[in-house]
A.B. asks: 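First the structure, then my questions, so here it is.
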Amino acid sequence: MVDRTAYPDGKVPELAVRQIFGRQKLPSNMCLLMAEIGMVSVERVAMLGDNIATVKTTLKTLVADENKFGASPPERELSLTMLAAVWRSSSTLQDHVATRRSKMEEDPNKIPEIPGEDHAEFREIFVQAHPDVILNYHKEPHQKLVEKLYRDYVVHGAVSFYEVAEMRTRADRLVQTGGLTKTADDLIKVVQMDSKCSVASESQVLDRLHAFFVVLEYLNICEFSHKAGPLKYLAELEEWRHDNRGLALLLSVDTLIRKKVFKLNHDRRRDFPSFSAALLEVLQNHKQLWNDARSSAEIDKFRPPRREAKAELSPKQKKNRARREKQRALLKAAKELNNNKKKDKDRETRGEVPKIARDARIPEKEWSKIMSFKYSGKKRCPWFNCSLGCRFGDQCRDLHTCARIAGKPCKPPDQWLTWDDVPMDPVEVARQGPFFLEIFAGEGGITRHLRALHVPVLPPVDVVQSGEVAQARDVLDAQFWDRILALARAGAIMFVHLGTPCSSFSIARELPEGPPPVRSSDVPMGFPDLPPHLQAVRDLGNLLLGRSIEIAEIVLAAGGDFSLENPLSSILWVTPVVLSLRQRHRLFDVDVDQCAFGARSRKPTRFLVSSQICTQWARACPGGHGHLRLRGAVRDVQGRVCFVTKAAQVYPEALCATIAGTIQEILSGDCPWFQATYALKDDAPRKRPLGDVRLWRGHRQAEGARLAQFAGYQLKRGAVKPLLDTEVEPGVAMQWTMKILHPFTVPTELPEPLPVIIKVMAQFPRQLASRRELKLAWWGKRALELMPASLQRIAAVSDRALRRLLRGVPENHLPQLGQFCHICLFEELLKAAGSADHELPRFLLYGFPIVGPISRSNRWPKYVKPQAVRPISEALDRAWDLRRMVVNRVGGVPVSDALRKIWEGTLDDVADGSCVGPFDSEDAVSRFVGADDWIPTQRFEVIQKDKVRGCDSATSNMINKITEITEKLQLPSTDLNVAALKELKMALGDRALSGWVLDEKKAYRQVPIAPTHRKFSVIAMKDPADGRPKFFVMIGHSFGLVSAVYNYNRRSAAINEILTKVFEILAFNFYDDKYGFDEVDRVDEAHRIAIAVHWWLGARFDSKKLQCSSSPTILGVTYNLKDMILEIKDDRKQELAAAIEEILEKGSLDPGSAGKLKGKLMFGSSQLWGKIGRAFFRPISERQYMKDRADDRMLLNSALRRSLTQWKFLIEHGPPRPIPLRAPKKCDVVIFTDGFTPDMRKSERGPDRVGAVMLDRRLLHPVQFTETIPKRVSRAWIPRTTQIVPIEMIAPVLALETFKESVRDRDVLLLIDSEPVEAALVKGYSAKEDLSSLIEVFWNLALELRANIFIDRISSDSNPADWPSRDLMSLGEAVGWITVNCSWPGRLADSN
């Protein structure tokens, strides 16, 4: 708003000064007084003094008569205060303009953007001031025109001359063209400039001039009125146009007049200080310009037309020119070819690879990136990395490997000023962190102070470019917001500050002069029935709040911290989402009066913070100063109207510095506020010297244990190296725990080639899809080409039964692709995959041995455990005795429906060719196998849900006893699945996942047995028709042979190797179950390839069991890939719960039923609930192996009832197992526990006692407790020489209950100095009932609190919990530890 005071001639203040007078609403008498004493420029006003006191003194000196300030002392003081405010605004404006001008003078073509809300504000003020003016799209200035005029006016201090073609209205469409900067000395920069737009009519000229003068009003340069000149000029120009028709004439007169205005305003600024004065001067005293324009136009009519510099060419000349241009092009191509050959020769000399010409179908930009990659060694195929893909597939003679494309080198983090500087890979960013991020940053004051402290920061985020915000970014941009979330999930952001906009949450909306309210404390999420424009305000506020909560949750989950700021009175604090966030994460409120940090207003502010150390920001108003009222609207230094509350959003510098100092401590990572704790030492005699290292000798399950840890599961004690293996002081041990990563978040190496496949799936999805399609087509064609060769080799097999199994169809039928074992294709695919199992195709053709040493695959490690293997000759010597025993057992089997079903199943095997029979006599079997010392195996039924399966008992007849295991079978586990899914999801980000499943049909039967070993594959079973024993000879493997497991899994692993290495599919195999994961858009393709490969090779599968969905069921567990959890299907839950309910109602459980129940529940223990499930297994295991089988001993005891009840509850209400998507992070909470019982050998006295110490990185002080164990509790334990083990066991239980609010939903490290207690807790159960009961309570608490607890051992002398366990509480209290009362879990409290 411009001051409208009428000033005497010669004493008119500059426009900027009058703008300040208007914004400050200075009375007219004060405006005239300032003009009277010569304060007519910003520079003069700014020189009145250095502070308010000196300014007031100077003003009193300049004005001799104090009564001019007011009649009374209060009036005079008020006037001086208002003039001091004018001085403050002038000083600020002078500094601001100087800074902006210097920046823009560096690049004359750089035009700063003006926020959209400011443009809307300009328009609103203009419309209010000129209700008679209609601003349509043809007369309203374009945003770019406003920005251009503003920039030129700030740099030059005057309105420049602009051609009409440069004036743009909202109806125009802007076209950007490239140009060169004018100030580039040593570097030429290409910039974007707005190209001029031609004018087609006279009305367009007037419309654009109208828009030009509107801009001058927008920027408070010249008023849009007759008095100031613009309307007068437009009226005279319109009148002149009617008398002098013609576009050229109109443009000519306008150019002459406005050039003259610019010349007067620029060259004679003393006489014409404003654009208005210059314009009025020209209109009144330079009327000859109108005639000059008319004369110039008349003269132009008689000028001859300009001729082209070159005359039009004749046909012959055109022909010669075309011939010369063609010769030049040919010569240029020849030179380029010669240069390329020379370059290729030079590359070959240096050992590099010559470059390849681009295919026209590949974008030039993509090809140039691929070819920019330099390497040495074997020639690499560039088509492999492009979107087209290599058409030769695996037959390509060049190397197929991923290339890291050379591109713009990444800047170091301290130079990341904009988000264009930040690498796109969140993992790469995380490696250079941890970082601080400021969202809704305003001017980014906290970021500025942290940069000064050399703390890594990401560019601050705000929609307005200001201060440290070098590039405007909007969190509502979905792509940008996904990038922020990916950084948070990767652990790159360890502290985020959120200055969430409070405009829609402010109670200032309830004031009369404020905007209408959109919500209230009773309806914090917004009123339902609002006008459309207020609905938009409400929804925007809710959306920004939702974004804030989302990023805060992710940062907290990644182990970081956050702060959320809003006014203390903001309705935001009572919204359900904020209240829920505060309660779930136990957050802290920090209330601040910003005047305590130097702000002009009090502005009570609240920070919601996650770390207690941030509470030191709290400040109350110290008093002794006044406060600026945050009401109404003002103009800022740029002349824009804004509410006072918005102008006060910028944090004071002192507050920014205080916050930055705290964040620096937090990001240091080792919790420096615990320094006094880290210095604690134990002066008692040590069992082992300081620095002594405890050697770890490794473990055979170390690899599986690390994989389980990454999946969030602890395998067993000692399977991985202890976290702390060095003897240290207790304080050093606590400092160490604050630095290490929580083991469940430490990534482990997945087996090859899974990491490569995941990387390619994430970074090159299109290229991967193209390669898969090419390979599928090529190998499909190859399968047909090799078909005759495979059938020919099968036909050469002399054994008829084996030939029948390999063909898949009877001799009189011609095999089709998918029916026979494709030996030749197996060989080529395994060679393409680089498989180590070279002998597999030969065994598939001629059969596997099933006794003696199992043939090695060279795929799995050597089996090192000792085996009691009997010689084959011993079994053959006893063949007749073993045969008689088996036949007698078969004869005693009663005829049942189950027997009939397995008999029918065996006859189906005969029809499929995997079995021959039935034989009525032993002689017939001897003739078929070619020997009479054959050993039969009894086949019995195994009932599985709704089907009956035949199983062969190959142990009692010595078949398995004469079989030697040569390799340790390694199969994927749920832990590997979870680890791979975790890596895949973190690599793909928000791209959805899906899974596929394929189940082989009669898998073992498809793998042939060597004909020479058929004497060991005879099956005996009773014929349900006549009740007599009959015999079958297995051609394929049967279920029950030890060798069958290894021989079949060789083929299964080979096919999986083909899928992963040849077709680059993330696939797994578990016996006959094949499954894999991919993103939703490509899972069908992966599933189709898996089906095709099995079909080509003749590995038959059950089409009814094929799955392809986002919730595939694998090994009885449903992988919910949408929510990234493992769960049980409802029908499976009901089945298990009904089985347990039946046992509870029956009141008894025999050993056989206990074994079956344990088998059914085992999946829950190992795959879903881990230690929680194992804690309830002990009573069921004891009943399974019970020797005394008297009827009364089969009844359910109290331990069994409790175990079954707990299992039923766990099945019905147990939470699904999450697939954690957490980046490596430090432990949230560390707990040390210890127990004490008097040692009579050391003459110790005192009651049994436990103690614990907890360090929570979000709390300022460690917490400790001590508790005496009542005698009535210890009397219930099993009698022992010393009760130190149960005392040590109860300590972590009490610690978990006492510290439950800190460990809830957190990553916890529990350190114990007792190896038996550590082993029992990790294992999940104990052979001792009293210990098992405590373990059960512990893991129940862990389940209830959803705590991720890793248990490890610490030496006794390094354990700080030793002090509270001996009631030495003063040692910790001396360094600030907080002592709390111990809490007992409900179940233990009853006994207490």
A.B. asks: Could you pull out the closest heavy-atom pair between Met494 and Pro434, with the gap in Å?
C.D. replies: CG-CB, 3.1 Å
A.B. asks: Over all heavy atoms of both residues, which pair between Val1253 and Pro1360 is shortest? Give the atoms and the distance, please.
C.D. replies: CG2-O, 3.9 Å
A.B. asks: Side chain to side chain contact (heavy atoms under 4.5 Å, CB included), that's the test. Do Ser1302 and Leu1259 meet it? Break it down for me.
C.D. replies: CA-CA 9 Å; Ser1302 288; Leu1259 297 182; 4.3 Å; yes
A.B. asks: Check the pair Gln616, Thr662 against side chain to side chain contact (heavy atoms under 4.5 Å, CB included), reporting the backbone distance first and the verdict last.
C.D. replies: CA-CA 9 Å; Gln616 64 187 12; Thr662 304; 2.8 Å; yes
A.B. asks: Is there side-chain contact between Leu1294 and Thr1233, with heavy atoms separated by less than 4.5 Å?
C.D. replies: no
A.B. asks: Rounded to the nearest 0.5 Å, how far does CG of Asp725 lie from CZ of Arg1353?
C.D. replies: 12.0 Å
A.B. asks: Less than 4.5 Å apart, side chain to side chain, heavy atoms only: is that true for Arg489 and Pro426?
C.D. replies: no
A.B. asks: Can you confirm whether Thr1266 sits close enough to Cys1382 that some side-chain heavy atom of one is under 4.5 Å from a side-chain heavy atom of the other?
C.D. replies: no
A.B. asks: With a 4.5 Å limit on heavy-atom distance, are the side chains of Phe495 and Ser563 in contact?
C.D. replies: yes
A.B. asks: So that I can tick it off, tell me whether Arg582 and Asp589 are bridged by a salt bridge, with the cut-off set at under 4.0 angstrom between side-chain N and carboxylate O.
C.D. replies: yes
A.B. asks: Between Ala1361 and Gly1251, which heavy-atom pair has the shortest distance, and what is it?
C.D. replies: CB-O, 3.9 Å
A.B. asks: I'd like to know whether Ser611 forms a side chain to side chain donor-acceptor pair (under 3.5 Å) with Asp561, so could you lay out the CA-CA distance, the side-chain angles of the two residues, the decisive distance to 0.1 Å, and finally the verdict.
C.D. replies: CA-CA 7 Å; Ser611 180; Asp561 289 281; 4.6 Å; no
A.B. asks: How far does CZ of Arg451 sit from CZ of Phe436, to the nearest 0.5 angstrom?
C.D. replies: 10.5 Å
A.B. asks: My understanding is that only one of Asp1228, Asp1307, Thr745 makes a side-chain hydrogen bond (donor to acceptor under 3.5 Å, both in side chains) with Asn1348; could you say which?
C.D. replies: Asp1307
A.B. asks: Report the residue from Ile1312, Asp1362, Asp1313, Leu1311 that forms a side chain to side chain contact (heavy atoms under 4.5 Å, CB included) with Phe1232.
C.D. replies: Leu1311
A.B. asks: Set out, in order, the CA-CA distance, both residues' side-chain angles and the distance that settles salt bridge (charged side-chain N to carboxylate O under 4.0 Å, His left out) for Arg1249 and Glu1267, then state yes or no.
C.D. replies: CA-CA 6 Å; Arg1249 185 182 294 275; Glu1267 182 73 353; over 6 Å; no
A.B. asks: Salt-bridged, Glu729 to Lys681, with N to O below 4.0 Å?
C.D. replies: no
A.B. asks: Can you check whether Pro689 reaches Glu727 side chain to side chain, under 4.5 Å on heavy atoms?
C.D. replies: no
A.B. asks: Is any side-chain heavy atom of Leu1331 closer than 4.5 Å to a side-chain heavy atom of Pro1286?
C.D. replies: yes
A.B. asks: So how far is it from Leu724 CG to Ile1354 CD1, rounded to the nearest 0.5 Å?
C.D. replies: 5.5 Å
A.B. asks: Can you confirm whether Leu1310 sits close enough to Phe1338 that some side-chain heavy atom of one is under 4.5 Å from a side-chain heavy atom of the other?
C.D. replies: yes
A.B. asks: Using modelled atom types only, decide if a donor and an acceptor are shared between the side chain of Asp1352 and the backbone of Leu723 within a distance under 3.5 Å.
C.D. replies: yes
A.B. asks: Do His742 side-chain atoms and Phe744 backbone N/O form a donor-acceptor pair below 3.5 Å?
C.D. replies: yes
A.B. asks: How far does OG of Ser610 sit from CZ of Arg1257, to the nearest 0.5 angstrom?
C.D. replies: 11.5 Å
A.B. asks: Nearest heavy-atom pair of Ile1284 and Gly1235: which atoms, and what distance?
C.D. replies: CD1-O, 3.7 Å
A.B. asks: How far apart are the C-alpha atoms of Val1250 and Asp1234, what are their side-chain angles, what is the distance that settles it, and do they pass the side chain to side chain contact (heavy atoms under 4.5 Å, CB included) test?
C.D. replies: CA-CA 6 Å; Val1250 296; Asp1234 199 8; over 6 Å; no
A.B. asks: Do the ring planes of Trp416 and Phe435 sit parallel (below 30°), tilted (30 to 60°) or perpendicular (above 60°)?
C.D. replies: parallel
A.B. asks: Could you walk me through whether Gln675 and Trp673 pass the side chain to side chain contact (heavy atoms under 4.5 Å, CB included) test, one step at a time?
C.D. replies: CA-CA 6 Å; Gln675 284 300 331; Trp673 49 90; over 6 Å; no
A.B. asks: Hey, what do you get for CG (Leu1309) to CD1 (Ile1231), rounding to the nearest 0.5 Å?
C.D. replies: 9.0 Å
A.B. asks: Please say whether more than 12 non-hydrogen atoms of neighbouring residues, nucleotides or ligands are located less than 6.0 Å from CD in Glu752.
C.D. replies: yes
A.B. asks: Please tabulate, one pair per line, all N/O donor-acceptor pairs under 3.5 Å involving side-chain atoms of residues 1368-1379, not counting sequence neighbours.
C.D. replies:
from: Glu1373; atom 1: OE2; to: Thr1379; atom 2: OG1; distance (Å): 2.8
from: Trp1377; atom 1: NE1; to: Thr677; atom 2: OG1; distance (Å): 3.0
from: Thr1379; atom 1: OG1; to: Gln1264; atom 2: NE2; distance (Å): 3.1

A.B. asks: Between Asp1357 and Lys687, does at least one N-O distance fall below 4.0 Å, as a salt bridge requires?
C.D. replies: no
A.B. asks: What are the two closest non-hydrogen atoms of Cys671 and Tyr678, and how far apart are they?
C.D. replies: O-OH, 3.3 Å
A.B. asks: Among residues two or more places apart or on two chains, list those pairs meeting ring pair (Phe, Tyr, Trp, His ring centres under 6.0 Å) that have a residue in residues 1244-1265.
C.D. replies: Phe1265-Phe1299
A.B. asks: Under a 3.5 Å distance rule, please check whether Gln612 uses its side chain to pair with a backbone N or O of Arg1258 as donor and acceptor.
C.D. replies: no
A.B. asks: Would you compute the distance between atom CD of Glu1301 and atom OG1 of Thr1298 and round it to the nearest 0.5 angstrom?
C.D. replies: 11.5 Å
A.B. asks: Is there side-chain contact between Trp1363 and Pro730, with at least one heavy-atom pair below 4.5 Å?
C.D. replies: yes
A.B. asks: What I want to find out is whether Glu553 reaches Arg584 closely enough, with some N-O distance under 4.0 Å, to be called a salt bridge.
C.D. replies: yes
A.B. asks: Under 4.0 Å between a side-chain nitrogen and a carboxylate oxygen: does that hold for Arg431 and Glu428?
C.D. replies: no
A.B. asks: So which heavy atom on Ala430 is nearest to which on Ala490, and how close?
C.D. replies: CB-O, 3.5 Å
